[in-house]
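Structure first, commentary second.
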Amino acid sequence: MSTTPPMPPGPGGPPDDAPEAPASAVGGGTHTPSDAMTRYDKERDAYHCSYGIPSPALAVQDPERELIVRVDRNNFRVVGFSIPNFTEWHKRHADEEGNFSVDLPDVWPMDQTDTSGHHGAW
């Protein structure tokens, strides 16, 4: 699953008066990156992307991509991601025009995920 989010606020990004609310998504159930709802939280410098309407999910740290993946608790499908410290992340991962993409699997490999620091029920 790949998604190319819009550019962040700032030079080359959307205007400062761009809406803070997510873009709308259509339908329910299975969503594709084109159904993604995105939001940049300027106060926390965090970028959020949900595939479809946001729903409760597990938050899994992905050190390889330097982001947090949201995974459905029942079937481990990837339902979105968040990028903390987005300004710095963007500097490292965006191309010359400021565009970037995040390539995630449709289903998260929980058998390969370190959950040793997690204390709650999965």
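Index from 1, following the sequence. Since the structure is predicted, the reported quantities are computational estimates derived from the model, not experimental observations.
Here the CG atom belonging to Asp41 is positioned 5.0 Å from the NE2 atom belonging to His48, to the nearest 0.5 angstrom. A distance of 9.0 Å separates CG of Leu58 from CG of Asn74, quoted to the nearest 0.5 Å. Atom CG of Asp62 is separated from atom CD1 of Ile83 by 10.5 Å, given to the nearest 0.5 angstrom.
Evaluation of the side chain to side chain contact (heavy atoms under 4.5 Å, CB included) rule for Asn75 yields Asp72, Arg77 as partners, not counting sequence neighbours. Residues meeting the side-chain hydrogen bond (donor to acceptor under 3.5 Å, both in side chains) test with Asp45, sequence neighbours left out: Tyr40, Thr87. Every side-chain hydrogen bond (donor to acceptor under 3.5 Å, both in side chains) that Glu66 has, sequence neighbours left out, goes to Arg92, His93. By the side chain to side chain contact (heavy atoms under 4.5 Å, CB included) test, Asp95 pairs with Glu97, Asn99, sequence neighbours left out. The side chain to side chain contact (heavy atoms under 4.5 Å, CB included) test applied to Pro109 returns Pro105, Asp111, Gln112, not counting sequence neighbours.
When ring centroids are compared, Trp89 and Phe100 come within the 6.0 Å threshold.
Closest non-hydrogen pair, Trp108 versus Val60, comes out as NE1-CG1, 3.5 Å. The two atoms that bring Leu67 and Ser82 nearest to each other are CB-O, 3.3 Å, heavy atoms only. The shortest heavy-atom contact between Arg65 and Asp103 is NE-O, 2.8 Å.
Under the 4.5 Å side-chain heavy-atom criterion for grouping Ile, Leu, Val, Met, Phe, Trp and Tyr, Tyr47 is connected to Val71 within one hydrophobic cluster.
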Test log, rule side-chain contact (heavy atoms from CB on, under 4.5 Å), inputs Ile68 and Phe81: CA-CA 5 Å; Ile68 298 167; Phe81 64 91; over 6 Å; no

Chi angles and distances behind the side-chain contact (heavy atoms from CB on, under 4.5 Å) call for Leu104, Val69: CA-CA 9 Å; Leu104 296 169; Val69 180; 3.9 Å; yes

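A donor-acceptor pair under 3.5 Å is formed between the side chain of Arg70 and the backbone N or O of Cys49.
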